[in-house]
Amino acid sequence: MSQALHDLLHLLEKEQIEEDIFRGRSRSAVVPRVFGGQVAAQALVAAGRTVPEDRPAHSLHAYFLRPGDPGAPIVYTVDRIRDGRSFTTRRVVAVQHGKPIFHLSASFQTYEDGLDHQEPMPVSPDPESLPTGAERLRGYGHLAPAVVEKFIEARAAVDLRYVDEPPYGTFGEPREPHSQVWFRTNGKLGGAVNEPLLHVVLATYVSDMTLLDSVLLAHGRGGWAVGDVVGASLDHAMWFHRPFRADEWLLYDQESPSAYGGRGLGQARIYTQDGRLAVTVIQEGVVRVPREPGTS
């Protein structure tokens with residue numbers, strides 16, 4: 001296991017300060033606020049710690065309310081909404097400086113047999129044939145070295161490989177609003193850290209990294225790395241269909257059906273390398289073009 005992955009796992013695991021109340025640490029992201037995937041993942045850990053282990057998470061729905069302060073701890077309060085015979089529901093509110101910054105509802109279900117079908121996995125190259133994220137980033141001469149190193153540091157716990165050029169790689173001309181990345185943790189999970197909840201939590205963490213890329217591609221924008229848009233996650237939903245491992249290759253197939261009113265919508269499916277549909281993800285975010293100096 002890499003040191004970066006070890007540090008991420010430590011970051012996601014929180015201190016329990018009272019029954020159903022947890023405290024988590026934060027760290028800086030690529031932008032000067034707490035990374036949304038971190039807050040969502042920590043909230044899901046908090047919810048999962050109050051649910052029996054034989055009830056895996058099957059969905060989450062979340063709203064990002066305020067930017068998180070990376071210099072302050074985050075307190076997560078879990079509300080035990082319902083414990084049914086098959087389903088368990090939890091609500092989590094994340095608070096900083098006395099104000100809620102994030103709200104999550106998550107549902108957990110005991111395993112049961114049922115109908116089974118799925119959308120086929122799209123065509124994609126072998127992830128091992130693609131350059132690593134660091135290799136791609138260091139090959140872009142138009143990106144400031146400080147930005148490149150910040151991106152690499154922020155994603156060091158994850159081996160994330162773009163199938164095509166990312167938005168910040170080639171921009172200026174609109175492209176098809178579709179993006180694919182392969183990802184897995186930068187190291188294997190085992191022993192005490194090999195619980196099913198953790199694999200779901202890590203996928204939640206990664207899911208917020210690239211989902212709005214397809215919005216940027218549709219408009220020829222390079223994104224946060226080049227400063228031609230400003231944005232933030234607004235809401236995020238995930239459905240966990242089938243078991244998977246976050247330390248094995250997962251294909252994140254993403255597209256954007258719409259952008260309007262300063263908002264962009266991304267939707268995606270996550271597949272295991274052998275073609276099983278594991279997760280569906282939908283997110284809307286603020287995506288704004290910076291105003292020119294002197295405009296109102």
Could you give me the CA-CA distance, side-chain angles and deciding distance for Lys188 and Asp247, then say whether salt bridge (charged side-chain N to carboxylate O under 4.0 Å, His left out) is met?
-> CA-CA 5 Å; Lys188 297 295 289 184; Asp247 58 359; 3.7 Å; yes
Does Leu60 belong to the same Ile/Leu/Val/Met/Phe/Trp/Tyr cluster as Val93, with side-chain heavy atoms less than 4.5 Å apart forming each link?
-> no
Other than Met121, what residues sit in its cluster of Ile, Leu, Val, Met, Phe, Trp and Tyr side chains whose heavy atoms are under 4.5 Å apart, directly or through others?
-> Leu130, Val163, Trp182, Trp249, Leu251, Tyr271, Leu277
For this output row, return yes or no: ring centroids of Tyr205 and Phe35 closer than 6.0 angstrom.
-> yes
Step by step, work out the side chain to side chain contact (heavy atoms under 4.5 Å, CB included) result for Gln273 and Arg184.
-> CA-CA 11 Å; Gln273 195 170 10; Arg184 64 182 177 184; over 6 Å; no
Shortest non-hydrogen contact from Val287 to Gly264?
-> CG2-N, 4.1 Å
If you count the non-hydrogen atoms of other residues, nucleotides and ligands that lie under 6.0 Å from CD in Glu153, is the total more than 12?
-> no
Ile282: partners by side chain to side chain contact (heavy atoms under 4.5 Å, CB included), with sequence neighbours left out | Trp239, Leu265, Gln267
For the residue pair Thr204 and Ala40, what are the closest heavy atoms and their distance?
-> CG2-CB, 3.9 Å
Quick one: are the ring centres of Phe171 and His142 less than 6.0 Å apart?
-> yes
Hey, could you give me the CG/OG1 distance between Asp83 and Thr88, rounded to the nearest 0.5 Å?
-> 4.5 Å
Count the heavy atoms of every other residue, nucleotide or ligand shown that sit under 6.0 Å from CZ of Arg91, and state whether that count exceeds 12.
-> no
Taking every heavy atom of Thr89 against every heavy atom of Ser107, the minimum-distance pair comes out as OG1-OG, 4.3 Å
Which atom pair, heavy atoms only, marks the closest approach of Leu217 to Glu176?
-> CB-O, 3.8 Å
Point-to-point distance, once rounded to the nearest 0.5 Å, from OG of Ser179 to CD of Gln254 | 5.0 Å
Glu15, CD atom: more than 12 neighbouring heavy atoms under 6.0 Å | yes
State whether the number of non-hydrogen atoms from other residues, nucleotides or ligands found under 6.0 Å of Glu173 atom CD is greater than 12.
-> no
Interatomic distance, Phe64 atom CZ to Gln283 atom CD [nearest 0.5 angstrom] | 6.0 Å
